[in-house]
Visitor: 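This is the structure I want to talk about, given as structure tokens.
This chain uses plain numbering: 1 for the first residue, then up along the sequence. Whatever order the structure lists ligands and atoms in, that order sets their numbers, starting from 1.
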Amino acid sequence: MNLIQKPDIRPANPNFSSGPCAKRPGWSVDTLNDALTGRSHRSAPGKAKLAEVIDRTRAILGVPDDYRVAIVPASDTGAVEMALWSFLGARGVDMLHWESFGSGWVTDVIKQLKLKGVRSLDAPYGKLPNLSAVDFSHDVVFTWNGTTSGVCVPDGDWIADDRQGLTICDATSAVFACDLPWDKLDVTTYSWQKVMGGEAAHGMLILSPRAVRRLESYTPAWPMPKIFRLTKGGKLIEGIFRGETINTPSMIAVEDAIDGLKWAEEIGGRKALIARAKANLAVIEAWVEKTAWVGFLAENADIRSRTSVCLMVVDDWFKGLDTDKRSAVAKALAKKLDAEGTAYDIGGYRDAPPGLRLWAGATVETADLEKLFPWLDWAYASVKAEMED
Ligand SMILES: Cc1ncc(COP(=O)(O)O)c(C=O)c1O
């Protein structure tokens with residue numbers, strides 16, 4: 001029997017998905033009224049919209065003036081693939097991975113690009129690889145925040161200032177939630193659909209001057225599809241970094257990206273975004289601290305994500321179940337909360353250990369997380385009682 005009474009207050013916004021993520025507070029489709037629909041993205045106003053995304057992004061993220069910022073096809077995946085295909089092969093590569101997305105990039109580099117001299121530095125879900133083992137004479141590919149394990153690098157201090165290789169960072173669920181040390185990052189990617197709650201469609205690619213030098217001095221041995229091409233005749237195509245996109249973007253998605261950036265500016269920019277994510281993680285930590293049945297997949301708080309927060313069930317009853325049953329419990333929890341309209345899409349990622357994942361980036365209201373906790377307690381007690389019957 002479930003002795004916990006069903007709570008009566010629901011989060012105002014039940015969207016806790018880790019991508020596409022919750023829209024910013026106050027968002028409605030009306031914010032897209034100024035979208036340049038039915039017009040060419042190569043018209044003067046079209047180019048101005050695209051340049052606006054780049055300029056506002058640069059200002060909010062504090063990207064140095066000598067770094068290039070581009071809007072590229074196919075979301076973060078497109079941006080990462082473009083980077084792997086364009087930069088790698090010039091020297092050895094260290095691939096750091098500790099969850100599903102990072103591991104996917106390793107597969108690409110080894111099985112698709114068929115690169116030799118690749119070192120794989122990995123760690124199980126919940127942990128980080130040994131960052132002090134990285135060889136910075138190699139190019140280094142890593143994910144700042146492993147979205148499916150809720151483990152992120154603590155900072156950029158482990159990255160050598162005098163590195164010979166490039167750092168290629170998939171920062172899609174970290175940017176706008178962590179202060180990224182641009183001097184340590186040569187190639188950085190992310191998508192609109194994550195921390196800013198934008199529409200899925202396009203990716204962002206940010207290049208350091210060293211990355212540009214690599215592009216202009218090295219030609220990969222493999223063919224380069226048009227969709228990945230950043231150079232022409234050995235020179236960087238500068239237009240791509242002014243908003244002259246390689247192919248046609250959705251001007252509705254562009255408008256939405258601008259809306260998100262304007263909201264960020266209104267609330268106080270990068271610092272305010274980071275503070276919101278930190279506050280969200282803090283209330284989750286306080287709830288976990290006082291709740292016996294739940295724990296973090298990332299036990300070490302220094303490497304715990306403040307965006308994709310991954311939770312495990314830690315009570316003895318659950319630990320005594322076999323893997324299939326644990327998985328069934330986690331799925332039942334997420335389903336129950338979905339059916340109540342209390343929390344959508346909070347099941348852990350399919351490759352991760354069974355558990356829950358709460359998005360806690362800046363677009364999520366702290367008050368909504370606080371309203372969710374009693375529901376999580378209720379759902380767990382209910383599922384446990386049902387399964388014990
Ligand atoms: C770390 C990481 N990399 C890549 C991706 C893929 O992003 P997209 O679907 O925007 O291409 C995701 C999506 O969740 C992610 O979390």
Side-chain angles (χ1 to χ4, degrees), residues 15-23 53 57 70-85 95-109 112 122-123 125-129 140-153 167-178 180 185 187-206 227-228 245-247 249-250 253-254 256-257 260 277 297-298 303-310 344-352 355-364:
N15 294 338
F16 297 102
S17 151
S18 292
C21 301
K23 291 292 192 192
V53 172
T57 298
I71 299 167
V72 299
S75 208
D76 183 55
T77 311
V80 175
E81 298 288 9
M82 186 180 223
L84 301 180
W85 256 250
M95 301 288 302
L96 277 61
H97 58 116
W98 53 93
E99 52 80 63
S100 171
F101 284 104
S103 302
W105 308 140
V106 182
T107 307
D108 277 8
V109 167
Q112 300 297 323
D122 65 352
Y125 273 81
K127 304 261 188 287
L128 263 189
V140 179
V141 180
F142 71 103
T143 307
W144 192 282
N145 178 73
T147 320
T148 66
S149 73
V151 170
C152 56
V153 292
T167 48
I168 299 179
C169 174
D170 172 357
T172 199
S173 55
V175 68
F176 298 109
C178 306
L180 295 181
L185 301 176
V187 182
T188 307
T189 71
Y190 69 91
S191 75
W192 293 346
Q193 56 102 355
K194 275 276 184 300
V195 184
M196 296 303 289
E199 286 304 288
H202 307 295
M204 299 297 289
L205 181 72
I206 302 180
I227 209 89
F228 288 171
T245 49
I246 296 174
N247 68 336
S250 152
V254 167
D256 193 62
L297 188 51
I303 59 168
R304 189 175 293 153
S305 171
R306 59 179 77 129
T307 54
S308 59
V309 182
C310 293
Y344 297 134
D345 314 319
I346 63 165
Y349 194 72
R350 56 181 183 270
D351 298 339
L356 297 174
R357 184 171 53 157
L358 301 179
W359 185 257
T363 58
V364 170

Visitor: With a cut-off of 4.0 Å, which atoms of ligand 1 are near a heavy atom of Thr147?
Guide: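 The list of qualifying atoms is 1 (C), 2 (C), 15 (C), 16 (O).
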
Visitor: Based purely on interatomic distance, does Glu99 place a nitrogen or oxygen under 3.5 Å from a nitrogen or oxygen of ligand 1?
Guide: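 In fact, backbone or side chain, Glu99 has no N or O that close.
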
Visitor: For atom 10 (O) of ligand 1, what's the nearest protein heavy atom and its distance?
Guide: Ser75 OG, 2.5 Å

Visitor: If you measure only the distance, is there a donor-acceptor pair under 3.5 Å linking the side chains of Trp105 and Asp170?
Guide: yes

Visitor: Is there a side chain to side chain contact (heavy atoms under 4.5 Å, CB included) between Ser173 and Trp359 once you walk through the steps?
Guide: CA-CA 10 Å; Ser173 55; Trp359 185 257; 3.7 Å; yes

Visitor: Applying ring pair (Phe, Tyr, Trp, His ring centres under 6.0 Å), can you list everything that pairs with Tyr125, at least two apart in sequence or on another chain?
Guide: none

Visitor: Does the side chain of Ser103 come under 3.5 Å of the side chain of Asp122 through a donor N or O and an acceptor N or O?
Guide: no

Visitor: For Trp144, state whether at least one heavy atom is located under 4.0 Å from any atom of ligand 1.
Guide: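 Trp144 does not count as a contact of ligand 1 under the 4.0 Å cut-off.
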
Visitor: Mark the output for Lys194 as yes if a heavy-atom distance to ligand 1 is under 4.0 Å, and as no if none is.
Guide: yes

Visitor: Please work out which of the three classes, parallel, tilted or perpendicular, describes the rings of Tyr190 and Phe176, given edges at 30° and 60°.
Guide: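 The arrangement is perpendicular - the two ring planes meet at more than 60°.
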
Visitor: Starting from atom 4 (C) of ligand 1, which protein heavy atom do you reach first, and at what distance in Å?
Guide: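 Protein heavy atom at minimum distance: Asp76 OD2, 3.0 Å.
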
Visitor: So, Thr148 and Ser100: side-chain donor and acceptor under 3.5 Å apart, yes or no?
Guide: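 Note: Thr148 and Ser100 side chains miss the donor-acceptor criterion.
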
Visitor: State the atoms of ligand 1, each with its element, that fall below the 4.0 Å cut-off from a heavy-atom position in Thr172.
Guide: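 That gives atoms 1 (C), 2 (C), 3 (N), 12 (C), 15 (C), 16 (O) of ligand 1.
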
Visitor: Which atoms of ligand 1 sit under 4.0 Å from any heavy atom of Ser191?
Guide: 10 (O)

Visitor: Among all protein non-hydrogen atoms, which one is nearest to atom 9 (O) of ligand 1, and what is the separation to 0.1 Å?
Guide: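 It is Gln193 NE2, 3.6 Å.
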
Visitor: Should the proximity of Trp105 to ligand 1, defined as any heavy atom under 4.0 Å, be assigned to the side chain, the backbone, both, or neither?
Guide: side chain

Visitor: Could you work out, for atom 3 (N) of ligand 1, the closest of Asn145, Asp170, Thr77 by heavy-atom distance?
Guide: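 Going through Asn145, Asp170, Thr77 one by one, Asp170 has the nearest heavy atom to atom 3 (N) of ligand 1.
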
Visitor: Which of the atoms of ligand 1 are close to Thr143, meaning less than 4.0 Å from one of its heavy atoms?
Guide: 1 (C)

Visitor: Gly361 and Ala277: which non-hydrogen atoms are nearest, and at how many Å?
Guide: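 Taking Gly361 first and Ala277 second, the nearest heavy atoms are CA-CB, 4.3 Å.
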
Visitor: Could you tell me the separation between the OG1 atom of Thr307 and the CZ atom of Arg357, rounded to the nearest 0.5 Å?
Guide: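 Those atoms lie 9.5 Å apart.
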
